[in-house]
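The structure appears right after this line, and notes come after that.
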Amino acid sequence: MSNNHLLADRINALEESATLAMSKKSREIAAQGHNVINLSVGEPDFKTPPHICDAAKKAIDDGFHAYTPVSGIPELRSAIAEKLNRENGLNWKAENIVVSTGAKHSLANIIEVLVKKDEEVIILGPYWVSYAEMVKLAEGKSVILDGSFENDFKVTPEQIEAAITPKTKIIMYASPNNPTGSVYSEKELRAIAAIVAKHPNIFVLADEIYEYINFTPEGHFSIGSIPEIHDRVITVNGFSKGFAMTGWRVGFIAAAKWIADAVDKLQGQVTSGTNSIAQKAAAVAFTNMDAPKMMLEAYKRRRDLVIAKLKEVPGFKVRVPDGAFYAFPDVSSYFGKTDGKVTIKNADELCLWLLETAHIALVTGNAFGAPNCIRISTAAADEKLVEAIERMKKALATLN
Ligand code: PMP
Ligand code: GLU
């Protein structure tokens, strides 16, 4: 018998992370002896650059083994503040930075400290799986806006304006986006900022974790650099994607000091400072930008490869992502088709069927608020990507 009734309501109400769940399922099928290509979890397949690893080794050898200040070691907070001033036009000092255990932790911290019960968080969809669940945990309400396929999966300023109510607390988005790879342009972000400027009690939570994986000629733009709303923008970023450091768990927020102080207070009661060795490693990351540049080129090449291949799959509707490392085709033309035994009703079932029959692990768009799509991570070796799409195409051709 399940013991779920003994668990707190807040955990029973929470969905499991679909990205991590699919990855787990793919490991289970692989453990049965199948050759599974796992394109579910979004994780760089590169190694962390050597200058960062060297700093970590040195920290161990130097005995840097104790608790750190809750918000992070001074040299890391300063390095982050300098980067934000230099690259993003964000006018923050070290005191405005709080380092946490990955950007996921940073996002959860911000939602926890800002959102009061029943306050609304406008989420620009398609959105990353964990956003809505974090809002739920904080007893807030998610208001999800749909970015349509036709509009490059982006939400318009008009949609945002129409969704604002007296209860709106935060507008949150990721650009480059996970799962769509869409990039909000400076012009679009300025239009959003003009709306926010009219509402002094609304904050913007800008998830910039894919900042360095941006293929547009204009490059990345931080909404917080717009002076009228600078103090009401919380910028979240981290080292997982840009520096291939997913396992090190270092993320950060940059925000007005009163918000940073609130996050420090929360973190001081829940987790304390992030791993000391990982912080020493992250502190040197920005001193050598060769690896992010090299990875950007590789991700762009893979994007082009995957998109070209996906366009060959009959029935798929494909748009070209401008950043991050995901392809997000609309696969709805397969809904209602059957292999003679199972009828595939939706994207969840299509992903499960592809895992079981073709041994490729992807994530249903449903988890991201886009039920017609599936997400394919392109952060894998070229040969694996090609083989995965070939297998998928072959399997799909058997459906009627
Ligand atoms: N935001 C987005 C949009 C993501 O895709 C992820 C997944 N890595 C994160 C935040 C969290 O990253 P991490 O916790 O590894 O820093
Ligand atoms: N952000 C990655 C993804 O979307 C990592 C998995 C996770 O943290 O949920 O796949």
Side-chain angles (χ1 to χ4, degrees), residues 14-27 38-46 48 52 72 76 80 98-111 123-135 147 153 172-184 205-214 220 234-254 267 271 274-275 278-279 281-282 285 295 299 321-328 351 361-370 373-380:
L14 200 68
E15 299 283 344
E16 187 180 3
S17 161
T19 47
L20 302 184
M22 201 59 183
S23 202
K24 189 165 129 199
K25 216 174 227 124
S26 124
R27 280 195 299 270
N38 185 0
L39 305 179
S40 61
V41 76
E43 154 152 87
D45 59 324
F46 295 102
T48 303
I52 299 176
L76 176 56
I80 292 167
V98 181
V99 177
S100 301
T101 303
K104 194 181 251 184
H105 186 203
S106 303
L107 289 163
N109 277 345
I110 288 296
I111 291 170
I123 299 177
L124 309 197
Y127 60 94
W128 183 45
V129 279
S130 298
Y131 290 177
E133 297 308 307
M134 288 173 180
V135 173
F153 285 120
M172 80 184 283
Y173 70 95
S175 177
N177 181 276
N178 175 5
T180 65
S182 297
V183 171
Y184 281 85
L205 183 44
D207 181 346
E208 305 193 350
I209 189 93
Y210 294 98
E211 169 183 16
Y212 292 138
I213 311 172
N214 182 324
H220 184 77
I234 301 104
T235 305
V236 170
N237 205 330
F239 297 84
S240 287
K241 314 290 170 171
F243 293 95
M245 291 179 69
T246 46
W248 299 72
R249 311 306 302 130
V250 193
F252 58 86
I253 58 129
Q267 193 163 292
T271 60
T274 303
N275 176 301
Q279 288 192 60
M295 290 189 271
Y299 291 133
D322 283 325
F325 38 58
Y326 306 103
F328 202 59
C351 284
L362 313 168
V363 187
T364 169
N366 212 14
F368 307 94
C373 300
I374 56 172
R375 192 190 76 171
I376 302 166
S377 166
T378 58

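Whatever order the structure lists ligands and atoms in, that order sets their numbers, starting from 1. By convention here, the first residue in the shown sequence is residue 1.
When each atom of ligand 2 is checked for a heavy atom of Trp128 under 4.0 Å away, the hits are 1 (N), 3 (C), 4 (O), 7 (C), 8 (O), 9 (O). Near Ser17, meaning under 4.0 Å from any of its heavy atoms, are these atoms of ligand 2: 9 (O).
Side chain of Ser26 to backbone of Ala361: no donor-acceptor contact under 3.5 angstrom is found. Without hydrogens or angle criteria, Asn237 side chain to Glu208 main chain gives a donor-acceptor distance under 3.5 Å. Although no hydrogens or angles enter the test, the distance criterion places no donor-acceptor pair under 3.5 Å between the side chain of Ser377 and the main chain of Ser40.
Residue Lys104 places a heavy atom under 4.0 Å from ligand 2. Using 4.0 Å as the threshold, Tyr326 has a heavy atom nearer than that to some atom of ligand 2. Ligand 2 lies within reach of Lys241, whose nearest heavy atom is under 4.0 Å from it.
Between Arg249 and Lys104, the closest side-chain pair of non-hydrogen atoms falls below 4.5 Å. Residues Ser240 and Glu43 fail the side-chain proximity criterion, which asks for heavy atoms closer than 4.5 Å.
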Could you pull out all donor-acceptor pairs under 3.5 Å where a side-chain atom in residues 126-134 meets a protein atom, sequence neighbours excluded?
{"from": "Tyr131", "atom 1": "OH", "to": "Asp207", "atom 2": "OD2", "distance (Å)": "2.7"}
{"from": "Glu133", "atom 1": "OE1", "to": "Glu15", "atom 2": "N", "distance (Å)": "2.9"}
{"from": "Glu133", "atom 1": "OE1", "to": "Lys136", "atom 2": "NZ", "distance (Å)": "3.0"}

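The shortest N or O to N or O distance between Gly42 and ligand 2 is under 3.5 Å. Of the N or O atoms in Ser130, none lie within a sub-3.5 Å distance of an N or O in ligand 2.
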Ligand 1: which protein N/O atoms lie under 3.5 Å from its N/O atoms?
{"from": "ligand 1", "atom 1": "1 (N)", "to": "Asp207", "atom 2": "OD2", "distance (Å)": "2.6"}
{"from": "ligand 1", "atom 1": "5 (O)", "to": "Asn178", "atom 2": "ND2", "distance (Å)": "2.6"}
{"from": "ligand 1", "atom 1": "5 (O)", "to": "Tyr210", "atom 2": "OH", "distance (Å)": "2.7"}
{"from": "ligand 1", "atom 1": "8 (N)", "to": "Lys241", "atom 2": "NZ", "distance (Å)": "2.5"}
{"from": "ligand 1", "atom 1": "14 (O)", "to": "Ala103", "atom 2": "N", "distance (Å)": "3.1"}
{"from": "ligand 1", "atom 1": "14 (O)", "to": "Lys104", "atom 2": "N", "distance (Å)": "2.9"}
{"from": "ligand 1", "atom 1": "14 (O)", "to": "Arg249", "atom 2": "NH2", "distance (Å)": "2.8"}
{"from": "ligand 1", "atom 1": "15 (O)", "to": "Ser240", "atom 2": "OG", "distance (Å)": "2.7"}
{"from": "ligand 1", "atom 1": "15 (O)", "to": "Arg249", "atom 2": "NH1", "distance (Å)": "2.8"}
{"from": "ligand 1", "atom 1": "16 (O)", "to": "Ala103", "atom 2": "N", "distance (Å)": "2.7"}
{"from": "ligand 1", "atom 1": "16 (O)", "to": "Ser240", "atom 2": "OG", "distance (Å)": "3.2"}

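For the atom pair NE2 (His105) and CD1 (Ile110), the distance works out to 10.5 Å, reported to the nearest 0.5 Å.
For the residue pair Tyr210/Tyr326, the side-chain donor-acceptor check at 3.5 Å is satisfied.
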